[in-house]
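Just so you know, these numbers use all the heavy atoms, side chains as well, and skip hydrogens, waters and symmetry mates. All figures in this text were calculated on a predicted structure; none of them were measured in a lab. Order of the sequence lines sets the chain letters (A, B, ...), proteins ahead of strands, with each chain counted from 1.
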There are 2 protein chains.
Amino acid sequence: MTEQSQSTTLEQETETNDNSVSTVRAYEDVIAKIRKLISDEDMGPGDALPSERRLSDLFSVSRHSVREAIRVLQEQGVLAPKRGSGNYIRSSTREELTRALSSLVSGDARRLFEVFQLRELIEPQITALAAEMILPEQLAEMDQLLRTQMTTEDLSELQKIDRSFHALIAKATGNTLLSDLMDKISASIDPSRTEGHQSEERRVASITGHCRILAALQAHEPDAAAEAMRDHINDIKHAVSPDTP
Amino acid sequence: MTEQSQSTTLEQETETNDNSVSTVRAYEDVIAKIRKLISDEDMGPGDALPSERRLSDLFSVSRHSVREAIRVLQEQGVLAPKRGSGNYIRSSTREELTRALSSLVSGDARRLFEVFQLRELIEPQITALAAEMILPEQLAEMDQLLRTQMTTEDLSELQKIDRSFHALIAKATGNTLLSDLMDKISASIDPSRTEGHQSEERRVASITGHCRILAALQAHEPDAAAEAMRDHINDIKHAVSPDTP
DNA sequence: TGACGATAATTGGTACAACCAATATAACTT
DNA sequence: AAGTTATATTGGTTGTACCAATTATCGTCA
């Protein structure tokens, strides 16, 4: 057994991620990486994951952390462990859905309007649901994220924050399908959001919108949250493509 | 140093009809024991669980198994770990929601619930949009489809009709992304629960729901259409998995 | 040659021991 | 009494070893 050459827990920050506060547990990272592995490697139902030992080596974490991640994935119905054999991807409606979705939103140009229309339909609803389900520490995390947004100048960083904000809301619903779906949608919009519309005015508008949404979430008011999100998305849409109703 | 004297956990005499691997995992036992501990000890929100080491000693399992159980419990919203302090019982609102709705049992029910939750969020909105956009010939097509549904007995045919009905609505929005998305969602639900809810009563209920929806579409009334679809989906959900709110 | 059975390698399941970092508590200093 | 510093406790992570179920491999026998 090759002894790992990793001296300590030197967490090389895979990506300039996150806004400090939230204690990043290793297993959460592993969950994301396994999901990414599945979609990147184009693995489908019935396929076997690499062994736990291989995964722990691949991700440079302990097998224990890998197993914690697999436990969660199993509990979510994504994986089915088979002792002595491997961890298998379940014939999961969810995985098939998310996989299909990622290919759906791959288009561009004319589809931009359609993606925004989808967002307009679904995100206010998600936000309303989140207003009922969100947990105190998730509210705290969003609050922290918003504060960071207010004091950040870097555009790419702001973009990341914005995306995290919307991702956190979806996650707060407790529905992993919704969370994944929003992730795909955000990913498909991101590239187009890069271009030019990042004026100071836009930044202020974004913060204002987020404030309204967060306030509604903190108050646990679904209707207000949905409306705030609706306005926010409409706002974004106009910024991206000015000549739409 | 007394080596663990537990070789007793290997009773495999339970030849349960269980289709999957029968082996009982330790962490599942621990989950049950922790839940029992909470209710027996009458612990409420905010209280701290015994430490992981104490629990592992108490249950005569490794800390790893305890931690896997706690991971799951945490993911279900029952516990909130605080490093350096302890595992705390969360305010119960979230748990009641998730428990009652999804994570009570296996991942299957949860997946199904998540898909339905997505449908509940998105399909009424789609229907409302369709009420504004739908064309006369599309209305005629749906009308024809509904008449066919009324005079068809074949189950697989009825299923196909039902799916077409929902697909037509999505198509009527003119948004191909929405249309494709609904198609994938329908496809992901179809295979899972084809049987079970196909009584005569269900058939009538389905037709009734479709009638209401179509009427609202014909009248171009978005709100009524959305509400009709909401009720319809709720109806389906109850038929597929009873005892959900 | 082909079928069969023992053997070895791989894999998930569990256990134990150690360490880190955050937290809480006790002890100490001022 | 208040603030500061040790110290013990706790969750988070890692490493290692072993077991049991499964799979792959190989050798023997008919």
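- Proximity of Arg83(B) to the phosphate of dG12(D): no side-chain N or O atom is located under 4.0 Å from OP1 or OP2.
- In this structure, the helix from dT1(C)-dA30(D) to dT30(C)-dA1(D) shows an angle of 10° between the axis at its start and the axis at its end, each fitted on 5 base pairs and rounded to 10°.
- In this structure, CG of Asp57(A) is placed 12 Å from P of dT11(C), rounded to the nearest angstrom.
- For Met150(A), the side chain to side chain contact (heavy atoms under 4.5 Å, CB included) criterion is met by Leu146(A), Ile207(A), Cys211(A), not counting sequence neighbours.
- When the side-chain nitrogen and oxygen atoms of Ser62(B) are compared with OP1 and OP2 of dA15(C), one or more of them lie within a distance under 4.0 Å.
- Put simply, CD on Glu52(A) is 8 Å from C1' on dG13(C), counting in whole angstrom units.
- Among the nucleotides dT11(C), dT23(C), dG12(D), the one closest to any side-chain atom of Arg53(A) is dT11(C).
- At whole-Å resolution of the value, CG in Leu55(A) and P in dT14(D) are 14 Å apart.
- The Asn87(B) side chain lies nearest to dG11(D) when the options are dG12(D), dG11(D), dA17(D).
- Every pair tested for ring-ring contact (aromatic ring centres under 6.0 Å, His included) that includes a residue from residues 144-164 of chain A fails, sequence neighbours excluded, so the list is empty.
- A distance-only check finds a donor-acceptor pair linking the side chain of Arg203(A) to the backbone of Thr152(A) [under 3.5 Å].
- A search for side chain to side chain contact (heavy atoms under 4.5 Å, CB included) contacts involving Asp143(A) returns Arg147(A), Leu214(A), Gln218(A), not counting sequence neighbours.
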- Task: Go through His210(A) and Asp162(A) one step at a time and tell me if the side chain to side chain donor-acceptor pair (under 3.5 Å) criterion holds.
- Result: CA-CA 9 Å; His210(A) 287 183; Asp162(A) 184 71; 3.1 Å; yes

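- For dT23(C), the OP1/OP2 oxygens have no side-chain nitrogen or oxygen of Ser85(B) closer than 4.0 Å.
- Residues satisfying the side chain to side chain donor-acceptor pair (under 3.5 Å) criterion with Asp47(B), sequence neighbours excluded, are absent altogether.
- Atom CZ in Arg25(A) sits roughly 8 Å away from atom P in dT13(D) (whole-Å rounding).
- With the nearest nucleotide of DNA chain D identified for both Gly84(A) and Tyr27(A), Tyr27(A) has the one nearer the 5' end.
- Atom P of nucleotide dT10(D) and atom CG of Leu49(B) are separated by 12 Å, given to the nearest angstrom.
- Taking every side-chain heavy atom of Arg63(A) into account, dG13(C) is the closest of dT13(D), dT10(D), dG13(C).
- The CZ-P distance, from Phe59(A) to dT14(D), rounds to 13 Å in whole Å.
- Taken residue by residue, residues 64-73 of chain A places heavy atoms nearer than 4.0 Å to DNA chain C at Arg67(A), Arg71(A).
- Checked against side chain to side chain contact (heavy atoms under 4.5 Å, CB included), Ala80(B) has the following partners two or more places apart in sequence or in another chain: Arg90(B).
- Applying the ring-ring contact (aromatic ring centres under 6.0 Å, His included) rule to pairs touching residues 28-82 of chain A yields His64(A)-His64(B), sequence neighbours excluded.
- Between Lys82(A) atom NZ and dT23(D) atom C1' there is a gap of 14 Å when expressed in whole angstrom units.
- Listed by chain and residue number, Arg63(A), Arg67(A) satisfy the salt bridge (Lys or Arg N to Asp or Glu O under 4.0 Å) test with Glu52(A) (two or more places apart in sequence, or in another chain).
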